[in-house]
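Presented below is the structure to which this report refers.
The sequence lines fix the lettering, A, B, ..., with proteins before strands; numbering per chain opens at 1. In what follows, every heavy atom counts, from backbone to side chain, and hydrogens, waters and symmetry copies are set aside.
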Protein chains: 2
Amino acid sequence: MARMSTRPPQRVTIAHVAEEAGVSRATVSRVMNGLATVDAEIGKRVREAAAKLNYSPSTVARSLAIGRTQTVAIVVPDLANPMFQETLRGLNRAAAREGYRVLVADSIENPEEEVILAREARRRCDALVLVSPRMEPEVLAELLPELSPVVLVNRESPAPGVPSLAVDYGSGIRSVVKELERLGHRRIAYLAGPDGSHGNQARMAALQPPVPSAPQPEFVFIPCGAMFEDGYRAREAVLGSGATAAVCFNDLVALGLLGALHEEGVAVPGRLSVTGFDDIPFARFASPALTTVSVPQTQLGEQAWARLWDLLNGRDPEHDLTVTPRLEVRASSGPPAAEAANAP
Amino acid sequence: MARMSTRPPQRVTIAHVAEEAGVSRATVSRVMNGLATVDAEIGKRVREAAAKLNYSPSTVARSLAIGRTQTVAIVVPDLANPMFQETLRGLNRAAAREGYRVLVADSIENPEEEVILAREARRRCDALVLVSPRMEPEVLAELLPELSPVVLVNRESPAPGVPSLAVDYGSGIRSVVKELERLGHRRIAYLAGPDGSHGNQARMAALQPPVPSAPQPEFVFIPCGAMFEDGYRAREAVLGSGATAAVCFNDLVALGLLGALHEEGVAVPGRLSVTGFDDIPFARFASPALTTVSVPQTQLGEQAWARLWDLLNGRDPEHDLTVTPRLEVRASSGPPAAEAANAP
DNA sequence: GGCGTAGAAGAAACCGATTTCCCCGCCTAC
DNA sequence: GTAGGCGGGGAAATCGGTTTCTTCTACGCC
């Protein structure tokens with residue numbers, strides 16, 4: 001008896017609105033979807049009834065009926081990484097323009113998890129964006145068909161029909177090295193990323209001299225990682241290597257190293273040049289501002305959406321894209337110190 | 001006639017599996033959901049049929065039938081801000097443990113958009129997390145009932161029954177000021193955040209002396225903003241203010257300012273102490289490491305999930321939480337220069 | 001005036017699952 | 001020997017929309 005007049009006891013459905021307006025459910029549906037063939041008077045009545053009951057159609061039921069969820073998913077290896085956050089942001093922004101929403105799945109750097117997540121996320125959505133999975137190529141190739149429509153980011157497509165947006169890591173790393181070479185560096189440390197990482201393998205490969213005899217700086221490879229902490233901890237190894245410049249796997253590592261060097265009072269770039277990769281938003285504002293290679297990750301997210309949108313509409317997506325990152329010379333790189341770097 | 005044996009022409013439904021296994025759809029459903037009361041032999045047959053057809057149940061249909069989507073949404077004002085990224089990450093991680101997925105909606109700092117987004121996002125999901133909207137309190141109060149179940153983050157709840165996770169910005173800003181006071185600073189600049197921001201208002205209020213006559217450092221208020229660029233551009237205003245310390249609205253502003261100061265060769269903290277707010281991951285690794293106030297944003301995301309989970313299960317959520325942020329003294333703050341700061 | 005047709009709205013099928021309800025067969029107890 | 005109980009599985013209702021198909025009305029044209 002004490003039922004409040006506010007908030008109907010349970011969800012308002014299309015049937016309630018139909019009854020209130022004295023029409024059929026079909027008509028309510030037509031009105032809600034703006035189908036033209038409805039009498040103005042009836043349309044008004046339906047809209048009033050809907051407003052009165054505070055009706056809002058169930059997206060789930062609608063999705064089931066029309067066979068689309070208007071949602072896409074993105075699977076990333078680590079939501080804590082600014083790179084993937086940028087991709088997510090770009091995708092989200094672009095998808096929102098078309099009325100689509102984005103579901104996030106974070107594998108937390110767990111490759112097996114990644115496969116399950118991708119499958120599961122795909123089933124909930126109309127399409128999928130897979131960002132640089134640590135996944136083995138064979139596993140990936142087998143998985144992709146059942147994920148379609150899907151777009152691959154930060155990785156080249158191993159399967160036809162799956163658009164991909166890759167980054168030319170090799171070219172990026174070479175542009176950094178070339179700049180350091182130009183500045184006079186002859187012994188360069190490379191702070192390597194995670195072993196399994198596709199991006200790291202590409203960078204390493206680019207550091208091998210194309211012609212063994214070609215004059216080229218000497219490289220010291222230091223196993224490191226992909227996070228701040230990894231770079232921070234690498235200080236001693238870098239300083240002990242005798243290198244005059246440190247090329248870091250990514251900006252996070254570079255910034256971690258920068259912090260450690262600053263604490264120790266090591267001058268950058270006076271004593272050691274430091275370079276990053278990715279050009280995350282912080283890179284410009286580091287002290288000193290970080291020389292790095294700019295990967296337009298937000299745009300990759302937007303491009304991923306464009307491909308997905310094509311696939312969703314049955315169009316052939318634009319051709320695969322390989323982004324060539326641009327060198328951003330800032331204050332953290334400079335000529336090597338005049339003194340020999342190997343002095344203790 | 002050339003139909004490939006791979007990939008059935010259209011989606012495999014429960015009916016196909018039922019037919020293949022020679023049982024009813026009800027039985028297939030029972031098997032798929034692990035209901036105990038199914039003969040072992042039949043269970044095996046169903047599973048084999050499902051595997052053979054590569055069946056995976058439609059989440060949409062399932063959601064409609066059981067009335068839950070196993071998805072929650074989060075609405076944030078700006079996905080580019082590390083704070084909200086952390087909240088998203090915490091929420092995502094916690095929700096994943098319970099088999100829930102997270103949908104992201106980014107209002108891109110647009111308050112009207114925020115209302116629409118929140119409504120729309122909520123309809124697609126079982127529940128909603130609303131992060132520190134710029135929304136007017138009245139608008140919010142009116143909106144909240146129809147969003148339920150919903151949890152508010154970074155803001156106090158204006159409605160009973162809506163759990164909230166707030167941050168005691170006042171206490172945070174006072175702890176910074178107290179530390180600077182202890183170090184001997186007498187003239188402090190406050191680089192203010194966006195006007196409409198709830199967080200900024202709380203910080204400003206905390207800077208008003210509780211007793212007008214109480215001895216307290218002098219404050220210079222400098223309108224600034226919430227982003228890197230804002231801090232970067234504020235350099236001249238800060239240097240011209242005669243303050244020996246700059247208390248920044250957040251870490252982004254502080255890091256922007258730090259970058260600008262570094263370029264100009266201004267010693268930090270020698271010539272000027274700089275403090276931030278939030279303790280974003282980068283703060284520790286800035287050069288110099290940023291003195292700031294630590295807001296455990298990832299935990300807020302996890303706590304938000306805990307509240308949501310309670311609501312979803314019809315339990316009373318744990319009481320509202322007001323996090324008192326912790327001062328993190330690092331290298332960017334120190335005693336003021338001996339010389340008068342006002343000298344040109 | 002009659003017939004053909006277009007336009008508007010309702011009835012019912014459908015999307016793909018879950019779940020209630022009921023029936024059937026077998027086992028046990030009286 | 002029969003009744004009652006129980007467990008397993010199928011038929012059908014249900015979730016809340018969309019859409020096709022059908023019906024009815026009214027209009028225009030010959």
Quiz item: Tell me, for nucleotides 22-27 of chain C in 5' to 3' order, what letter each nucleotide earns: B for a base near a protein heavy atom under 4.0 Å, S for only sugar-phosphate near one, - for neither?
Solution: ------
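Both A:N33 and B:A40 lie close to DNA chain D; mapped to their nearest nucleotides by heavy-atom distance, the more 5′-ward contact belongs to B:A40. Two residues, B:T59 and A:G22, neighbour DNA chain C, and the one matched to the more 5' nucleotide by heavy-atom proximity is A:G22.
Between A:S29 and D:dG17 there is no side-chain N or O to OP1 or OP2 distance below 4.0 Å. Contact check, A:T13 against D:dG16: no side-chain N or O comes under 4.0 Å of OP1 or OP2.
Listed nucleotides C:dT18, D:dG10, C:dG16 differ in distance to B:S24; the shortest reach to its side chain belongs to D:dG10. For B:S58, the listed nucleotide lying nearest its side chain is C:dA17; candidates were D:dG17, C:dA17, C:dA8. The side chain of B:I66 lies closest to C:dT19 when the candidates are C:dA8, D:dT19, C:dT19. The listed nucleotides are C:dA9, D:dG10, D:dG16; the one nearest the side chain of A:I42 is C:dA9. Of the candidates D:dG17, C:dA17, D:dG10, the closest approach to any side-chain atom of A:A65 belongs to D:dG17.
Nucleic acid contact for A:L64: base, since at least one base atom lies under 4.0 Å from a heavy atom of the residue. Among the atoms of the strands shown, none is found under 4.0 Å from any heavy atom of A:V28. Residue A:T27 is classed as a sugar-phosphate contact, given heavy-atom separations below 4.0 Å to backbone atoms only.
A:I108 places none of its side-chain heavy atoms less than 4.5 Å from the side chain of A:D78. At a threshold of 4.5 Å between non-hydrogen side-chain atoms, the residues B:P149 and B:L128 do not count as touching.
Taking NE2 of A:H16 as the start and OH of A:Y55 as the end, the distance is 10.5 Å to the nearest 0.5 Å. Here OG1 of B:T27 is found 9.5 Å from CD1 of B:I14. Values are rounded to the nearest 0.5 Å. Here the CG atom belonging to A:L312 is positioned 6.0 Å from the CG atom belonging to A:D126, to the nearest 0.5 angstrom.
Taking atom CZ of A:R62 as the reference point, atom C1' of C:dC14 lies 16 Å away to the nearest angstrom. The CG-P distance, from A:D39 to D:dA26, rounds to 13 Å in whole Å. Regarding A:R11, its CZ atom lies at a distance of 13 Å from the P atom of D:dC15, rounded to whole Å. Atoms CD (A:E41) and C1' (C:dA9) sit 14 Å apart, rounded to a whole Å. For the pair B:I14 CD1 and C:dC14 P, the computed distance is 18 Å after rounding to whole Å. The nearest whole Å value for the distance from the CD atom in B:E19 to the C1' atom in C:dG16 is 16 Å. One can place CZ of B:R30 at 16 Å from P of C:dA17, the figure rounded to the nearest angstrom. The distance between atom OH of B:Y55 and atom C1' of C:dG16, rounded to the nearest whole Å, is 7 Å.
Comparing the axis of the opening five pairs of the helix from C:dG1-D:dC30 to C:dC30-D:dG1 with that of the closing five pairs yields an angle of 50°, rounded to 10°.
Panel note: side chain A:D320, backbone A:P163; no donor-acceptor pair is recorded below 3.5 Å.
Below 30°, between 30° and 60°, or above 60°: for A:Y100 and A:W305 the angle between ring planes is between 30° and 60°, a tilted geometry.
Under the side chain to side chain donor-acceptor pair (under 3.5 Å) rule, A:T298 has a single partner from A:E86, A:R93, A:Q303, which is A:E86.
With hydrogens and angles ignored, a donor-acceptor pair under 3.5 angstrom links the side chain of A:R25 to the base of D:dG17.
Looking only at atom types and distance, the side chain of A:R124 has a donor-acceptor partner in the side chain of B:T71 under 3.5 Å away.
Shown here is B:E48, whose CD atom has more than 12 heavy atoms of other residues, nucleotides or ligands within 6.0 Å. Around atom CD of B:Q70, more than 12 heavy atoms belonging to other residues, nucleotides or ligands sit under 6.0 Å away.
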